[in-house]
Amino acid sequence: MKKKAIHMKFLNHSIGFCLLLTLLCYSCASDYLDTAPTNQVSPADLFKDEAYAAYAVSGLEKLMKTTYPTNKLDGVSFNGEGSVKLMYAEYQGADMYCPRNNFYTIFNGASHAIPTSGYTEYMWHYYYKVISNANAIINYVDPEGSHKFKYIYAQALTYRAYCYLQLLQFYSPRWCDSQNGSADGVVLRLNTSSTGDCPLSSMLACYEQIYNALNQAIP
């Protein structure tokens, strides 16, 4: 009887183990694992919340005054829009003095157009960083969802339009020299999926996009 009891106990444990193994295998089926991570939120879900969308717009402003320590030229860290206004604009003016003999390409407005220059890389990288983040807001926020969403959407459109205006001023010729806008403008990236190589759009197409965005932003 004792041996029989031991045998039955072993049999019950074996059956229990098999049942547990079956449940584990079932829980590991592909359809069971096809779920969203619990520690991540998709952009579509994130921008359904007014507070998070507002934080994203505030992030655009912070990008324009954040120090970028990885972008250093002559030991100076860039700080968003401040560096653009100083190095790419004020230094070319007659009322700005900088005792740096090695800044001659900046003083004559040529540094940002030299392909091998770090000054070219920084401004291009900086403005498209802001544009990329603005695109996320524009693509996912529903401006008809509420008055606040409409305001957030309008701000993102305005930030993006400003960045394109700046890029055109620095990387394209004057409008009077553009053959009515047929000259090369800059790369138009208008959605979050635009990440690969992209041809330059004409100046006319770029300015049309700027005006369209601003018209959308005006309530």
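Since we're looking at a predicted model, the values are computed, not measured. Keep in mind that the numbers below use all heavy atoms, side chains included, and drop hydrogens, waters and symmetry copies.
The CD atom of Gln166 sits 8.0 Å away from atom CE of Met123, with the distance rounded to the nearest 0.5 Å. To the nearest 0.5 Å, atoms OH (Tyr151) and NE2 (His147) are separated by 14.5 Å. To the nearest 0.5 angstrom, His125 atom NE2 is 10.5 Å from Ser132 atom OG. Ile138 CD1 to Tyr153 OH: the interatomic distance, rounded to the nearest 0.5 Å, is 6.5 Å. Between atom CZ of residue Arg174 and atom CE of residue Met203 there is a gap of 10.5 Å, rounded to the nearest 0.5 Å. The distance from atom CG of Asp49 to atom CZ of Phe149, rounded to the nearest 0.5 Å, is 6.5 Å.
Under a hydrophobic-cluster definition in which Ile, Leu, Val, Met, Phe, Trp and Tyr are linked whenever side-chain heavy atoms come within less than 4.5 Å, directly or via other members, Trp175 and Leu214 are assigned to the same cluster. Two different hydrophobic clusters hold Tyr211 and Leu204 under the rule that ILVMFWY side chains link at heavy-atom gaps under 4.5 Å.
Taking the salt bridge (charged side-chain N to carboxylate O under 4.0 Å, His left out) definition, one finds that Glu61 meets it with Lys65, sequence neighbours left out.
Contact annotation: the side chain of Val84 never approaches that of Met64 to less than 4.5 Å [non-hydrogen atoms, C-beta and beyond]. A 4.5 Å side-chain heavy-atom check between Tyr128 and Val186 finds at least one atom pair inside the cut-off. In this structure, the side chains of Ile131 and Tyr159 stay at 4.5 Å or more apart for every pair of heavy atoms. Side-chain contact check for Asn135 versus Asn191: every heavy-atom pair is 4.5 Å or farther apart.
Considering all non-hydrogen atoms of both residues, Ala56 and Phe47 come closest at CB-CE2, 3.6 Å. Minimum interatomic distance between Pro143 and Val141 (heavy atoms only, all atoms of both residues): CD-O, 3.2 Å. Minimum interatomic distance between Ala183 and Pro173 (heavy atoms only, all atoms of both residues): CB-CG, 3.9 Å. Leu168 and Cys206 make their closest contact through CD1-CB, 3.7 Å (heavy atoms, listed as atom of the first residue, atom of the second, distance). Among all heavy-atom pairs drawn from Gly181 and Ser178, the shortest one is N-OG, 2.9 Å. Between Tyr140 and Ala136, the shortest heavy-atom distance links the atoms CD1-O, 3.0 Å.
Ring planes of Tyr127 and Tyr162: perpendicular class, angle over 60° (limits at 30 and 60°). In this pair, Trp124 and Tyr171 present their aromatic rings perpendicular. The plane angle is above 60°, beyond the 30 to 60° band.
Here the side chain of Ser172 pairs a donor or acceptor atom with the backbone of Asp184 at under 3.5 angstrom. With Tyr55 contributing its side chain and Glu50 its backbone, the two residues share no donor-acceptor pair below 3.5 Å. A donor-acceptor pair under 3.5 Å is formed between the side chain of Asn139 and the backbone N or O of Thr192. No donor-acceptor pair closer than 3.5 Å links the side chain of Asn133 to the backbone N or O of Gly59.
Under a cut-off of 6.0 angstrom, the local environment of CG in Asn215 is crowded, with over 12 non-hydrogen atoms contributed by other residues, nucleotides or ligands.
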